[in-house]
Student: 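First the structure, then my questions, so here it is.
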Amino acid sequence: MAGVVVALLWFLCMASRAEPPALRLDPGLSFAERTFDGHLQVYHDASGTLSQSEVALPPYSQRFQPIQASFNGGYSHGAWWVRFPLQTTREQRADPIQGGWWLRLSAPYVDTMDVWLPGAGEALVHRELGDLRSSLLRDWPGTLPAVRLPTLADDQPRWVWVRLAGARALSLTGGVSSVRELADVQQKITVASAGAIGMVLLLAFVSLVVGVAVPDRRFIAYAGYLSTLALLFASSQDLPASLGLLDSPAAAVRLHSFSVCLHTAAAFAFARSLLDMAHQFPRMDRVFQALSVVCALACIVALAGGFRHIALPLSVLWVLMSICVVSQCAVLLRRNVEAWPSLIGYAVYLALGVQHFAKNLQWLPYALTTQYSYAIGAIIHILAFFFTLGWRVRNRERRALALSQRHGERLEQRVNVRTEDLRQEIAQHHLTHNQLTMALREQQGMLAMVSHEFRTPLGTIGGAAQILSDERLGLARDDVKREAEKITRTVSRMRDLMDTLLADQWLEASSESMSRRDIDLAELLREKTDEHNEGSAHGRIRLSLEASHPTVLADETLLHIALDNLLTNALKYAPATSQVEVRACVLEGGVRGVGACVAIQVLDQGPGFRPPDLPHVFDRFYRAEGARRIPGIGLGLHMVQRIALLHGGSVAAANRAEGGAVVTLTLPCPTAGDVADGRLAEEVASQ
């Protein structure tokens, strides 16, 4: 039994040390048959100091182990050595293909890659590749690492040696290809990379526009996330190096490391915004916020060239973040929050992270299937997040529409209720208006009755008082005469009061049926001054006219009332021996700056108006505090103002600089059309 076990172990050891089949330079083979799969042997140099001549000698050459798939070294220190036999055919040596054979070496994250190709005799041809080597020194001008194979002298297998070293994940795929096949591979890689980057940038632009227009900070955070992802895709495919960093390969490598850290920070920030962690998960929000700051600090470390020390912790952090976010999406679903699109996106994101982490730790092979699955998964999770944001906007619009409809129904109900209230208020107002109209009619009737009933006894009392005070009858003693004069003055005052009340009431009733005609203002003013001078004024009124024949178009009765009130008011408040001056002039400025007007001023030498009383002198029944001992009820100036407004004019009160008051009545001068209308009215009235 022991002998069988020993024999089996010896067989396994011999099988493991068996040389792999040679990679043949035969155009009759398919593209897949000329890849590295099944032809590679690898050896890990932990120190990273061995040279090619050293690893080619025993005991290092005996330590190479065959692998069946592409090489994946993951994150490891030191250097990896890869070798494979290369063999040509007699037909190829006799009739070589056009453009020769090329060795295709795809190692996306390798810093330095040295290749030793079989040359003449036992000599080897050395080529330098890798991200830290200048692209200008490569045999192939594209971003795909490739070297031209020299012509082999015979059809014996020859070894090709490859040394890989770097701070990022180490992997190697490839094979041998013709120039046309190599160009096709380069074109597919460029088109796929440009398409993926273009799609991501387009989604980022659309998200930014939508986020600004809606506005929604989640779309803006998603635009930032996609922008960093586009930068990561571009730097992974060496696009920055091919566009502007051909002479600075170290800067291109650090840019890729920086993009990894920046995208991780953007992923944390976007997860906080998408899941609304500040409200849904406050504690995890603070954790994710701190991790975003840590990833931002990692960007500085990556730019400084220290990505080797943070690469593995960053991958672990990526996986842990994905697990945490998937768990949070599940919790949101249990809270009846529509988070299933986010759950799908982050589940795919978690699968990508686990696959990437497992590949870097050599748990999964570095093959086309893992690469394609990574690209497809990245597109799926990007579209899932975009659908999540669009779903949120759609739900918000639905909620806003439903809320608007509810508010519209409530508003319609309130409008109906308010309309009904307004109808009731209008009906109440109509009822009140009718009652007020009836009350006013009753008031007018009462005033007419009071006027009629008061005038008869007042006339009798006044006549009796005059008889008692008449000296020709010889009936009056001095005291009887004095009392009779008091009765006469009181009756006159009551009659004036009654006339004033009735005049205001009459003015209220006849304001809409005025009879306007041309009035010679000079003649009217002379008439009024003579009338008052012969009466209570005793010659105190002086008339001053600055225009020979000022004319106004007015109702003569209303104008008489206005002038009587102005003169009576001035005579009442001025000292008994002082003069009252009446002036009339034509102003070109008009009442409101249009046309010409006539200004009538009544100036007295009384106490004038107090400043607090000036805004109220034209109010109905308003009397100044110091003038309440003087007879009157406060209607004179109010009636003057109403008459002025009815004629399109104005009235103003002011104090004179030398003392006393001045009241100015302004009336517009008649135009040609007004004169014609006035004459026509007179002709109609005469007929």
Student: How about Ser193 and Phe233: do any of their side-chain heavy atoms sit closer than 4.5 Å?
Tutor: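 Sidechains of Phe233 and Ser193: no contact.
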Student: Does any part of the side chain of Phe281, heavy atoms only, come nearer than 4.5 Å to the side chain of Val331, both counted from C-beta?
Tutor: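 Result yes, sub-4.5 Å side-chain heavy-atom pair found.
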Student: What pair of heavy atoms forms the shortest contact from Phe84 to Leu23, and how long is it?
Tutor: CE1-CD2, 4.1 Å
Student: To the nearest 0.5 Å, how far apart are CG in Asp95 and CZ in Arg90?
Tutor: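 Nearest 0.5 Å value for the CG-CZ distance: 16.0 Å.
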Student: Would His256 and Val260 count as a side chain to side chain contact (heavy atoms under 4.5 Å, CB included) here? Give the steps.
Tutor: CA-CA 6 Å; His256 174 260; Val260 172; 4.0 Å; yes
Student: A side-chain contact here means heavy atoms from C-beta on lying under 4.5 Å apart; do Ile382 and Tyr222 qualify?
Tutor: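 They are in side-chain contact.
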Student: Could you point out which residue of Phe386, Phe288, Tyr225 forms a ring pair (Phe, Tyr, Trp, His ring centres under 6.0 Å) with Phe270?
Tutor: Tyr225
Student: So, Thr89 versus Arg24: side-chain donor-acceptor pair below 3.5 Å or not?
Tutor: no
Student: Restricting to non-hydrogen atoms, name the atom on Arg163 and the atom on Gly48 that form the minimum distance, rounded to 0.1 Å.
Tutor: NH2-O, 2.9 Å
Student: Look at atom CZ of Arg217 and say whether more than 12 heavy atoms of other residues, nucleotides or ligands are closer to it than 6.0 Å.
Tutor: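 Yes, because the 6.0 Å sphere around CZ of Arg217 holds more than 12 heavy atoms from other groups.
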Student: For Val160, which of Leu124, Val82, Val147, Val115 qualifies under side-chain contact (heavy atoms from CB on, under 4.5 Å)?
Tutor: Val115
Student: Taking the side chain as everything from C-beta on, heavy atoms only, tell me whether Thr35 gets closer than 4.5 Å to Thr173.
Tutor: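 No; the side chains remain at least 4.5 Å from each other.
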Student: Check whether any side-chain N or O of Ser257 sits under 3.5 Å from a backbone N or O of Val253 as a donor-acceptor pair, and report yes or no.
Tutor: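 Confirmed, Ser257 side chain pairs with Val253 backbone.
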Student: Nearest heavy-atom pair of Trp161 and Arg83: which atoms, and what distance?
Tutor: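 Scanning both residues, the minimum pair turns out to be CH2-NH1, 3.4 Å.
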Student: So which atom in Ser178 and which in Trp102 form the shortest heavy-atom distance, rounded to 0.1 Å?
Tutor: C-CD1, 4.4 Å
Student: Taking Arg34 for its side chain and Pro27 for its backbone only, find out whether a donor-acceptor pair lies under 3.5 Å.
Tutor: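 Not confirmed, Arg34 side chain does not pair with Pro27 backbone.
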Student: Can you tell if the side chain of Leu291 reaches within under 4.5 Å of the side chain of Val287, non-hydrogen atoms only?
Tutor: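 Leu291 vs Val287: side chains touch.
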Student: Any side-chain heavy-atom pair from Thr88 and Trp101 closer than 4.5 angstrom?
Tutor: no
Student: How many angstroms lie between atom CG of Leu226 and atom CZ of Phe205, to the nearest 0.5 angstrom?
Tutor: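 Answer rounded to 0.5 Å: 13.5 Å.
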Student: Apply the test side chain to side chain contact (heavy atoms under 4.5 Å, CB included) to residues Gln52 and His126: give CA-CA distance (whole Å), side-chain angles for both, the deciding distance (0.1 Å), then the verdict.
Tutor: CA-CA 10 Å; Gln52 188 276 331; His126 181 218; over 6 Å; no
Student: Say you draw a straight line from CG of Leu303 to CZ of Arg254; how long is it, rounded to the nearest 0.5 Å?
Tutor: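 If we round to the nearest 0.5 Å, Leu303:CG and Arg254:CZ are 8.0 Å apart.
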Student: Are the side chain of Gln186 and the backbone of Leu144 linked by a donor-acceptor contact shorter than 3.5 Å?
Tutor: yes
Student: So, the side chain of Gln62 versus the backbone of Pro59: is there a donor-acceptor pair under 3.5 Å, distance only?
Tutor: no
Student: Could you tell me whether the side chain of Gln65 and the main chain of Val42 form a donor-acceptor pair under 3.5 Å?
Tutor: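 Judged by distance alone, no pair lies under 3.5 Å.
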Student: Drop me the distance from Asp111's CG to Leu129's CG, to the nearest 0.5 angstrom.
Tutor: 13.0 Å
Student: Taking all atoms of both residues into account, what is the closest heavy-atom pair of Leu152 and Arg93, and its distance?
Tutor: O-CD, 3.5 Å
Student: Taking the side chain as everything from C-beta on, heavy atoms only, tell me whether Gln328 gets closer than 4.5 Å to Gln280.
Tutor: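 Side chain of Gln328 against side chain of Gln280, heavy atoms only: no contact under 4.5 Å found.
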Student: Distance from Leu103 atom CG to Phe36 atom CZ, nearest 0.5 Å?
Tutor: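 Answer for the CG-CZ pair, Leu103 versus Phe36, is 4.5 Å.
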Student: Taking atom CD of Gln187 as the centre, does the number of heavy atoms from other residues, nucleotides or ligands within less than 6.0 Å exceed 12?
Tutor: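 Counting other residues, nucleotides and ligands, CD of Gln187 stays at 12 neighbours or fewer.
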Student: Roughly how far apart are Leu149 CG and Arg127 CZ, rounded to 0.5 Å?
Tutor: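 One finds 10.0 Å between CG of Leu149 and CZ of Arg127.
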Student: Are Arg63 and Val55 close enough, and set up right, to give a side chain to side chain contact (heavy atoms under 4.5 Å, CB included), and what steps lead you there?
Tutor: CA-CA 9 Å; Arg63 298 179 183 178; Val55 298; over 6 Å; no
Student: Verify whether one side chain among His263 and Thr228 offers a donor that lies under 3.5 Å from an acceptor in the other.
Tutor: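 Yes, a side-chain donor-acceptor pair sits under 3.5 Å.
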Student: When you measure from the side chain of Asp285 to the backbone of Gln289, do you find a donor-acceptor pair of N or O atoms at a distance under 3.5 Å?
Tutor: no
Student: Less than 4.5 Å apart, any side-chain heavy atom of Leu50 and any of Tyr43?
Tutor: yes
Student: To check you understand the geometry: which heavy-atom pair defines the closest contact between Pro20 and Gln41, and what is its length?
Tutor: CD-NE2, 3.0 Å
Student: Passes side chain to side chain contact (heavy atoms under 4.5 Å, CB included), Met321 versus Thr264? Steps please.
Tutor: CA-CA 10 Å; Met321 180 198 71; Thr264 307; 5.7 Å; no
